[in-house]
4 protein chains.
Amino acid sequence: MPRLNVEPLRRRQLIEATLQVLEAHGFQGTTIGRISKASGLSTGIVSHYFGGKQGLLEATMRHLLNELRGDFRRFRRQHPDSPQGRLQAIVDANFSGVQTQSKTARAWLIFWSQAAHSEDLARLQRIYERRLYSNLVYNLRPVLPAHALAGTAHTIAALIDGFWLRTALSEGRIGHARAIELCKAYIDQAIRDGAEQAPDDTHSARSGVPR
Amino acid sequence: MPRLNVEPLRRRQLIEATLQVLEAHGFQGTTIGRISKASGLSTGIVSHYFGGKQGLLEATMRHLLNELRGDFRRFRRQHPDSPQGRLQAIVDANFSGVQTQSKTARAWLIFWSQAAHSEDLARLQRIYERRLYSNLVYNLRPVLPAHALAGTAHTIAALIDGFWLRTALSEGRIGHARAIELCKAYIDQAIRDGAEQAPDDTHSARSGVPR
Amino acid sequence: MPRLNVEPLRRRQLIEATLQVLEAHGFQGTTIGRISKASGLSTGIVSHYFGGKQGLLEATMRHLLNELRGDFRRFRRQHPDSPQGRLQAIVDANFSGVQTQSKTARAWLIFWSQAAHSEDLARLQRIYERRLYSNLVYNLRPVLPAHALAGTAHTIAALIDGFWLRTALSEGRIGHARAIELCKAYIDQAIRDGAEQAPDDTHSARSGVPR
Amino acid sequence: MPRLNVEPLRRRQLIEATLQVLEAHGFQGTTIGRISKASGLSTGIVSHYFGGKQGLLEATMRHLLNELRGDFRRFRRQHPDSPQGRLQAIVDANFSGVQTQSKTARAWLIFWSQAAHSEDLARLQRIYERRLYSNLVYNLRPVLPAHALAGTAHTIAALIDGFWLRTALSEGRIGHARAIELCKAYIDQAIRDGAEQAPDDTHSARSGVPR
DNA sequence: GATGAATGAGGCTTCATTCAT
DNA sequence: GATGAATGAAGCCTCATTCAT
């Protein structure tokens, strides 16, 4: 009888428990004791699977990054396979699905505030930053003149992060629906403006898949 | 001979030391011991003047809020006393002066990540949020149709916070100058678009002073 | 192989160490550090088993109360099973056995002086007070007229506590043997006087068992 | 103009404040800071007048001893100048006047629990012990046969201390009036019994005044 | 594979004392 | 005579990690 490999299960349990505790108690209050209690496992298990608390935290952030990427892929299927459609999917992914949960938002914020003091977290933060930016540039290129590309991409990225931050902090005073609406409004307008200035701009969509 | 009132001086010293330590060691690493060492004072002094670590942290964030408001007032004098001028001053204040210092940016980020777990910090965060929003609305009203007011104000606020966040996290990959430029570009465009839609719109500036 | 349940052992060790330190250093000098050193365990262990210093102190006083009760039961077997015999056992229990040890006496005194400032300790003190009083009343009832019951019980209780206090404070100037002798002399006389006044008084021993 | 000597005033203020704080906060909670606040004076004053906290505590206990002696003298004038009258005055002094105040009772108890760990306080405790005992013996000698003297004196002393202790701890469950009544009842009976045994015993009252 | 008892370093806070004014 | 700002040692408690089972 093949014994089930419990490692993935345990890792998942611990990461899930970490997110719960981060939401409930903040970074300072996230102790091994609380995580093990929330997961129903023992205190020793964290070192066993993640080498220590730091490893578990890093794995948790990596998990969030993966979920974000998964969300993007899922939402892409719900939009037309065009630059505009994919841009909408980016916005949706950042404000929907798992990202909506307050527990996720709080964890992101906490990790970002820690990034400056942890090379591991900083690396993951850079991955997120680059991925969003290159994703935006890739999809804006077909519809914008080259000179407007970088600025617009940066602006959209800031808009997404800014709304996300305000949503996470405002405890409901700013809703996700509104954030999505305003982000998309800006994107539509930027593309319209770009089209006016460069109506005949033709870009060949490259085959590369944005990360 | 009147004894010098050292209290304001000591409080200032401790807040300054707190900002230094927050930058250098993060929230977790900000201990009373390090703060007292950085300030050249003793460990007992923090409780003496702030009642404890929590009180010092709150006072530090309040200090940052005050500096931001001071920056806004300073920059307002450098711009024409018009809605557009004041909007530019808001942008400048958020990306210039004291706010530019990495030590300030890091402290903001840390405080925000803690806000969810400290009513004191959450209150200060709400003050910031409301102040920025009402400031924007107040100055946009003369130049935008009523229906576009809220959305534009929210978008600008998100843009400011988003660029600020990316600037704080990117360690130089995104510059303040660029952030200011792109924020102002969006504001200019929003006002242009508003003017097109409602060219004869006349708003009477109310006497109220933005907070 | 079942792992030994070390909890009762550890609790016992710590309580014993607490009594030692209380005797040697007084209430003020009873620190976690000294207790852990005396017990041969680590400093963290106290919070682990008792939730903190206060919990350990309370458990220590409860331990003394239990020992006193145990002493009473032991001494009861050495006396005839009559009211007089049980009254003698009460006296013996308060001045013999574990209570004799200076470390126990000092701890009682310390706890009593703290009772006014700790609801936990005050509760335990009330238990002691009531137990002694009701025990005396229960055993005096068969041999005293009703009107003399309460006064005699209070007087015996005061005598016991008074001798105990003087013994604890006098560092040997007053001996336990003398205290027992004088307490018993008073009890004998009180019973004689009661018998004179109410020679034919017959009381049915109630079924209630003295606490 | 003769400047008033403020020293006795200051010492008095600080002792009074110490008693207040001891009652309100217990021995542990009696800090220089609280004492100075209660007295309206500065923190430095304690070292100035008493050399330190320990000196103030010792002076406070000495003050209580003096008050007790004063009470005895006062009550003696209210009773006939006979052995019985003086014995009644001893009882009254221990359960009336200043001693009645909960603040005084608490302070006594605290000091006694500290006596084992402070030679200064232990000395004062011995003075109290001896004074009460010799006072009792002196006044019992004219009315008791020699062989009953020591035992009766010890018993009365224990009764006084026991009732005092129970009164101090019981928070009103045992009243001073009852304590006085029962003490006097024992004394009366002891004298009666002594008289029966030795009806013609005549003692000449010595001129010595009990301390 | 997993446990959880135990450790002990380190944090925050309290507080008696000192000393310049 | 008196102040009270400042110190810094020491206490209690938390918690990541280890290791015998």
Side-chain angles (χ1 to χ4, degrees), chain A residues 3-7 9-10 28-37 40-56, chain B residues 1-7 9-10 28-36 39-56, chain C residues 1-7 9-10 28-36 39-56, chain D residues 3-7 9-10 28-37 40-56:
Chain A
R3 192 193 297 222
L4 252 67
N5 187 7
V6 297
E7 177 160 347
L9 173 61
R10 293 283 174 269
Q28 294 259 66
T30 297
T31 64
I32 298 268
R34 279 184 175 137
I35 291 171
S36 58
K37 188 164 290 181
L41 299 170
S42 71
T43 60
I45 203 78
V46 170
S47 289
H48 193 275
Y49 280 118
F50 295 95
K53 190 185 180 184
Q54 190 59 31
L56 173 54
Chain B
M1 195 173 88
R3 192 194 295 224
L4 253 67
N5 189 6
V6 294
E7 179 160 347
L9 172 61
R10 292 286 174 270
Q28 292 263 65
T30 298
T31 65
I32 297 270
R34 281 186 174 135
I35 291 171
S36 58
S39 67
L41 298 169
S42 69
T43 61
I45 206 77
V46 170
S47 289
H48 192 267
Y49 280 114
F50 293 96
K53 190 187 181 185
Q54 189 59 32
L56 173 54
Chain C
M1 195 171 85
R3 192 194 297 223
L4 254 67
N5 188 8
V6 295
E7 178 160 347
L9 173 61
R10 292 284 173 271
Q28 292 263 64
T30 298
T31 65
I32 297 271
R34 281 186 175 136
I35 291 170
S36 58
S39 68
L41 298 169
S42 70
T43 61
I45 207 75
V46 170
S47 288
H48 191 268
Y49 280 115
F50 293 96
K53 189 186 180 187
Q54 190 59 31
L56 173 54
Chain D
R3 189 195 299 223
L4 252 66
N5 186 9
V6 296
E7 178 160 347
L9 173 62
R10 292 282 175 270
Q28 294 260 65
T30 298
T31 64
I32 297 269
R34 280 185 174 136
I35 291 171
S36 59
K37 188 164 289 180
L41 300 169
S42 71
T43 61
I45 204 81
V46 169
S47 289
H48 194 276
Y49 280 117
F50 294 96
K53 190 187 181 184
Q54 190 59 30
L56 173 53

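Residue numbering restarts at 1 for every chain, and letters A, B, ... go by the order of the sequence lines.
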Below 4.0 Å: OP1/OP2 of F:dA6 and any side-chain N or O of B:Arg10 = yes
Which atom pair, heavy atoms only, marks the closest approach of [X] to [Y]?
| X | Y | result |
| --- | --- | --- |
| B:Tyr49 | B:Val6 | OH-CG2, 3.7 Å |
| C:Lys53 | C:Ile32 | CB-CD1, 3.9 Å |
| D:Gly33 | D:Ser36 | O-OG, 2.8 Å |

Give me the residues of residues 44-53 of chain D where at least one heavy atom lies under 4.0 Å from an atom of DNA chain E, by number, or none.
-> D:Ser47, D:Gly52, D:Lys53
side-chain hydrogen bond (donor to acceptor under 3.5 Å, both in side chains) filter on A:Arg10, not counting sequence neighbours, yields A:Gln13
Has the side chain of C:Thr31 got a donor or acceptor atom sitting under 3.5 Å from an opposite partner on the base of F:dG11?
-> no
Atom [atom1] of [X] and atom [atom2] of [N]: how far apart are they, to the nearest Å?
| X | N | atom1 | atom2 | answer |
| --- | --- | --- | --- | --- |
| C:Gln28 | E:dT14 | CD | C1' | 12 Å |
| A:Leu56 | F:dC15 | CG | C1' | 15 Å |
| A:Leu41 | E:dT3 | CG | P | 6 Å |

Between B:Gln54 and C:Ser42, which is nearer to the 5' end of DNA chain E once each is assigned its nearest nucleotide?
-> C:Ser42
Scan C:Ser36 against the nucleic acid and name what it touches under 4.0 Å (heavy atoms): base, sugar-phosphate only, or nothing.
-> nothing
A:Ile35: which of A:Leu41, A:Thr43, A:Thr30 passes side chain to side chain contact (heavy atoms under 4.5 Å, CB included) = A:Thr30
Out of F:dA16, E:dT17, E:dT3, whichever nucleotide has its closest atom nearest the side chain of A:Ile32 = F:dA16
Base-paired stems that DNA chain E participates in, counting runs of 3 or more Watson-Crick or G-U pairs under 3.5 Å | E:2-21 with F:2-21
